[in-house]
Amino acid sequence: MKEKLRPVWLLAQRELHDQFRDWRILFPLIVLTLLFPPLMNSFAGQTVDFMNKYGGNLILDRLVPFSILIIGFFPVTISLVVALESFVGEKERGTIEPLLGTPLLDWQLYLGKLVVGVIFPLVASYLAIGLYIFMVGKQDLNLPPISQIIQLLALTASHAILMVSGAIAISTQATSVRAANLMASFIVLPVAFLIQGESVLLFWGDGDILWMAVIAVLVLAGLLMRVGVAHFQREYLLGREIDSFNVRWIWQTFKESFVGDAHSVFAWYQTQVGGTLRRLKTPLILMAVIALIGSIVSFQWVSSVAPIYLADIPQEEVDKVLGRMSMAAGLSVEQEDINFGFIFGHNIRAVLVMFIVGLFSLGVLGELVFAINVGVVGGVLAVLGAMGLPAWTLFLGGVLPHGIFEIPAIIFAGASILYFGALLVTPNPTRTMGEVVISVAADWLKIFVGVIVPLLALAALIEVNITPHILATIVR
Amino acid sequence: MIETENLSKAFNDFLAVDDVNLNVRSGQILALLGQNGAGKTTTIRMLTGLLRPTRGWARVAGYDVVDEPTAVRSSVGVLTEQHGLYLRMTADEYLDFFGKIYELDASTRKMRNDYLLDYFGLAKASTRRIGEYSKGMRQKLALARTLIHEPPVLLLDEPTSAMDPESARLVRDEIGNLRSSQRAIVICTHNLAEAEILADEIAIIYNGRILLTGKLDALKDRVLGKPEYEVIFSSAWDVKNFAHLSAVEMLEKSPKRIRFRSENPKETNPLFLQKLSEKKAPILSLQEIPRSLEQVYLKVMAEAVENVAV
C-alpha cells in the first residue's frame with residue numbers, strides 16, 4: 001500500500017511546491033491566516049465590552065467557538081481555489097496529458113489532487129485558529145472546552161475535504177477554469193448554508209448534534225470523493241464537447257431512456273417501468289427494511305419520552321386534542337381544506353422534495369426526508385398510545401386503509417432516490433456522467449409517473465372517501 | 001511492437017477514428033500524416049490507453065491497450081501536441097519528477113537527466129525555470145521527458161514543431177538513433193520533408209480513415225506511377241530518328257532531353273543508355289526525376305476531398 005501511495009505524495013509534493021511559488025495563492029492565504037484572527041479578536045473584545053455593559057453572558061460563551069468556526073473557515077475556502085486551479089488549470093494548460101500518459105493510476109492522480117487541495121489551506125486554517133486561541137487566552141476571555149475545540153477542528157477539516165472533493169467532482173466536468181468557477185457556486189452556496197446551520201447549532205449549544213453534523217459532512221465528503229474517483233477517468237479528462245450544452249442530445253438520450261422502444265402505454269409499463277422496477281429491487285428491499293426499523297425505533301423512543309412530556313401538559317390540553325381527534329374522525333369529504341387535491345398535492349410535494357434534496361446530496365438528504373416520514377408514523381402512534389388512545393386500532397383504521405398505497409409509494413420514492421445516488425457514485429467506464437444523470441433521471445421519472453403518482457392518487461381517494469368512515473366508526 | 005486492427009473511436013455520433021489497421025515493428029518509424037482533426041491525436045491517445053476504443057483492438061509493446069493500460073503506459077513515451085510543462089519548475093526538477101513517476105532509482109534518474117539535458121543542449125539552463133525557456137527549448141525538454149524511462153515505444157506528436165533548424169536536425173538525428181536502438185516509433189507530423197527523411201512506413205489518415213499505408217517508394221509508385229527518368233544532353237541532339245526500347249514508355253523527346261518511364265529500370269536503363277551511346281548522343285546525365293512525399297500526400301488528399309464532395 002505504501003508503494004501505491006508514494007505517487008500520491010509525489011504529485012501532492014510537486015503541486016505544493018508549485019503553489020508555494022505562486023503569490024496569487026500565497027498572498028490571500030497569508031492575509032486570511034494572519035489578519036483575520038486579530039480582527040476577530042478585536043471584534044470579540046468589543047463584544048465583551050458591549051455584553052458586560054448590557055448583559056448576555058450566554059452569547060459571550062458562544063462567541064469564541066463561533067469565531068473559531070469562522071476563522072477556520074476562511075482559509076479553508078482557498079482549498080476550493082487550489083483544487084480548481086490545480087486540476088482544471090492543469091487541463092487548461094495541457095500539463096495534465098503528459099501525466100495521464102504515465103503509469104499513474106486514476107485514483108492516485110485523484111488522491112494527489114485531493115491531498116494538496118486539503119493540506120495547504122487546512123494547515124493555514126489551523127494556524128489561524130491557533131493564533132486566535134492564543135490571542136483569546138491573552139485577553140482573559142473564557143476558552144471553550146478542549147472537546148469543543150477538537151470538534152471545531154474536525155468540523156474545519158470536514159469542510160475542507162467536502163469543498164475539495166466537491167471541487168474535483170466539478171473539475172472532471174469542466175475543461176476550463178472559467179467553467180469550473182461558474183460551477184463552483186454549487187459548492188460555495190451549500191457550504192455557506194451549512195456554516196449557517198452549524199453556527200445555529202453552536203449558539204444553541206447542541207454539542208452532540210454538532211458531532212452528528214461533522215459525521216454528516218464527512219459522509220457527504222466521502223460520497224463526493226467516491227463520485228470524483230468514479231468519474232476521474234482519463235477518457236473524461238480528455239473528452240471533447242464536455243462544456244457544451246447539447247439540448248438535442250440531452251432530449252434524445254432522455255427519450256431513449258424514458259420511452260425506449262415502447263409504442264403503447266402497456267408496452268411502456270411492461271418494458272420500461274418493469275425493467276426499472278427490476279433494477280430497483282435491492283433499494284426497494286432496503287427502503288422497506290429502513291421504513292420498518294425506522295418506525296419501530298421511532299415508536300420505541302417516543303414511547304419512552306412522550307409520557308415525560310405529556311405529564312407536563314395539563315389534562316385540559318390532552319382533552320382538547322382528543323376532542324379534535326373525534327372531530328377529525330367525523331370529517332366529511334366536503335370539508336374544504338382536506339379534500340383529494342390537498343392530500344394528493346401534499347404527498348406529491350413530499351416526494352418531489354425528496355427528489356430535489358436528494359439530487360443535490362447524492363440521495364443522502366432524500367433518504368433523510370424519507371426517514372423523517374417513516375419516523376413520524378411511529379412517533380405519532382407512540383404519542384397516541386401515551387395519551388391513552390388505542391394506537392394500533394387507530395393505525396389499522398386511520399392509516400392502513402390508504403397507507404397500503406401511500407406507504408409503498410413513499411418507499412418507491414425513497415428507493416428511486418437511493419438508486420439515483422448510488423449510480424452517481426458508481427464508476428462507469430462506458431458512459432459519461434451526463435449520460436448517467438440523464439438515464440437515472442429518466443428512470444426516476446418512470447417510477448414517479450408510472451408507479452408513485454397512481455399509488456398516491458389511489459391513496460388520496462381512499463383517505464378522503466373511506467378512511468374517515470372507518471376512523472369514525474372506531475372512535476365512536 | 002504496435003499492432004492495431006479495425007481500431008475505431010466514436011465521440012457520441014462523431015466517428016473520429018474508423019477501422020485503423022497499423023503494424024509498426026521494432027526499429028521502425030511510422031509517420032502518421034493528415035490534416036488537423038483527421039484522427040491522429042485520437043489514434044495516439046488510444047495507443048497510450050488514454051481513450052478506450054469503441055471498436056477493434058490495439059497491442060502496444062505486447063500489451064492490450066484496454067486490458068493492460070498501465071503496462072502500456074509504462075512502455076510508451078508520449079510527446080503530446082501541447083508539451084505540457086510545469087513552467088514554475090526547473091528542467092532538472094521536471095525530469096526528476098517524471099523519473100520518480102516511472103520509478104527510476106535516484107542514480108539512474110541523475111544519469112538520465114544529465115545525459116538528456118546535455119544531449120539536447122539544455123544542461124546550462126537546467127536550473128532555470130521552464131517559464132523562461134524559448135519554444136524550442138521547451139520542445140526539447142518535452143522530448144527529453146518522453147525518453148527519461150527509455151521506453152521501447154515512442155509516440156511523438158509534432159516532435160520538431162517550433163524548433164530552430166539546428167535543434168530540429170538534432171531531434172531528427174536522435175529519433176533516427178532511437179530507431180537503431182530497436183524502438184518502434186510513431187510520428188504525427190505536418191512536416192512532410194521530415195517524414196520523408198525519418199519514416200520507414202507512411203500512413204495517410206483522412207476523416208479518421210487510413211487512406212494509404214506502406215513504404216515510401218511503394219506509395220510513390222502507387223500514387224504517382226513508376227519512376228520517371230531524364231536523360232540530359234550536353235548539346236542539342238536530333239532525337240527524331242531515335243527509336244527507343246519497347247520496354248520503356250517515352251514521355252518527352254526534345255533536343256535537350258528525353259524523359260521516359262520504366263517498369264524495370266535496373267534492366268532497361270543500362271540498355272537505354274547503351275542505345276543512346278551507339279547513336280552518339282551527347283549524354284550529360286541520367287537521373288530519376290525526384291518524386292516527393294509532398295506530391296503523394298497532396299494527390300491523395302485532393303482525391304479524398306473530391307470523393308467526399310461527390
Side-chain angles (χ1 to χ4, degrees), chain A residues 3-4 6-26 86 89-109 112 233-242 244 246 248-250 252-253 428-432 434-435, chain B residues 9-14 16 37 41-42 44-54 63 66 68-90 93-94 96-103 129-131 141-143 145-146 148-149 151 154-155 157:
Chain A
E3 282 302 307
K4 285 191 172 176
R6 189 170 291 163
V8 173
W9 179 236
L10 181 67
L11 288 168
Q13 224 179 352
R14 189 211 65 75
E15 200 84 50
L16 281 171
H17 207 246
D18 221 32
Q19 282 165 12
F20 267 113
R21 289 171 174 174
D22 191 343
W23 68 269
R24 288 163 302 182
I25 290 178
L26 271 183
S86 86
E90 275 222 49
K91 267 207 264 187
E92 204 170 43
R93 290 188 294 273
T95 50
I96 196 114
E97 201 170 342
L99 269 188
L100 298 178
T102 65
L104 289 171
L105 300 171
D106 289 346
W107 71 263
Q108 289 172 327
L109 280 163
Q233 293 165 20
R234 285 165 157 86
E235 180 117 17
Y236 274 147
L237 305 179
L238 296 170
R240 295 176 166 217
E241 303 166 26
I242 208 159
S244 64
N246 189 339
R248 198 169 139 252
W249 174 80
I250 292 171
Q252 272 174 349
T253 311
N428 189 337
T430 56
R431 298 165 88 190
T432 65
E435 283 169 337
Chain B
K9 178 70 192 174
F11 296 101
N12 294 334
D13 50 358
F14 171 67
T41 303
T42 304
I44 294 282
R45 283 175 174 174
M46 281 194 281
L47 294 179
T48 327
L50 294 180
L51 294 179
R52 208 184 168 85
T54 313
Y63 301 107
V66 174
E68 303 153 291
T70 309
V72 167
R73 287 193 281 270
S74 295
S75 318
V76 167
V78 197
L79 180 71
T80 49
E81 215 170 345
Q82 281 179 294
H83 23 67
L85 302 165
Y86 295 115
L87 303 184
R88 290 195 200 100
M89 283 179 129
T90 66
E93 289 169 345
Y94 185 73
D96 194 57
F97 170 66
F98 274 90
K100 281 179 182 166
I101 287 180
Y102 286 107
E103 296 177 348
R129 297 262 174 97
I130 299 168
L141 182 61
L143 194 62
R145 178 196 66 220
T146 65
I148 190 80
H149 58 302
L154 279 176
L155 305 171
D157 209 347

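Chain A is the first sequence line, chain B the second, and so forth, proteins listed ahead of strands; every chain is numbered from 1.
The CZ atom of Arg73(B) sits 8.0 Å away from atom CG of Leu100(A), with the distance rounded to the nearest 0.5 Å. One finds the CD atom of Glu97(A) at 10.0 Å from the CD1 atom of Ile44(B) (value rounded to the nearest 0.5 Å).
Applying the salt bridge (Lys or Arg N to Asp or Glu O under 4.0 Å) criterion to Arg129(B), with sequence neighbours excluded, gives no partner residue.
At a heavy-atom separation below 4.5 angstrom, chain B is approached by Leu10(A), Leu11(A), Arg14(A) within residues 6-14 of chain A.
Among all heavy-atom pairs drawn from Leu50(B) and Gly101(A), the shortest one is CD2-N, 4.1 Å. Residues Thr70(B) and Leu105(A) share a closest heavy-atom pair of OG1-CD2, 3.5 Å. The nearest pair of heavy atoms linking Pro103(A) to Tyr102(B) is CD-CE2, 3.3 Å.
There is no contact between Ile96(A) and chain B, counting heavy-atom distances below 4.5 Å. Interface remark: Gln108(A) contributes no atoms to any contact with chain B (heavy atom separation under 4.5 Å). For Glu93(B), the part lying under 4.5 angstrom from a heavy atom of chain A is the side chain only. The contact between Ser74(B) and chain A is made by backbone and side chain atoms together, counting heavy-atom distances below 4.5 Å.
Using a 4.5 Å heavy-atom cutoff, the side chains of Ile101(B) and Leu99(A) are in contact. No side-chain heavy atom of His149(B) sits less than 4.5 Å from a side-chain heavy atom of Thr102(A).
Among Lys100(B), Arg45(B), Met89(B), Arg145(B), the residue with the largest count of heavy-atom pairs under 4.5 Å with chain A is Arg45(B). Note: Tyr86(B) leads Phe97(B), Phe98(B), Tyr86(B) in heavy-atom pairs under 4.5 Å with chain A.
Residue Glu103(B) places its CD atom among 12 or fewer non-hydrogen atoms of other residues, nucleotides or ligands, all under 6.0 Å distant.
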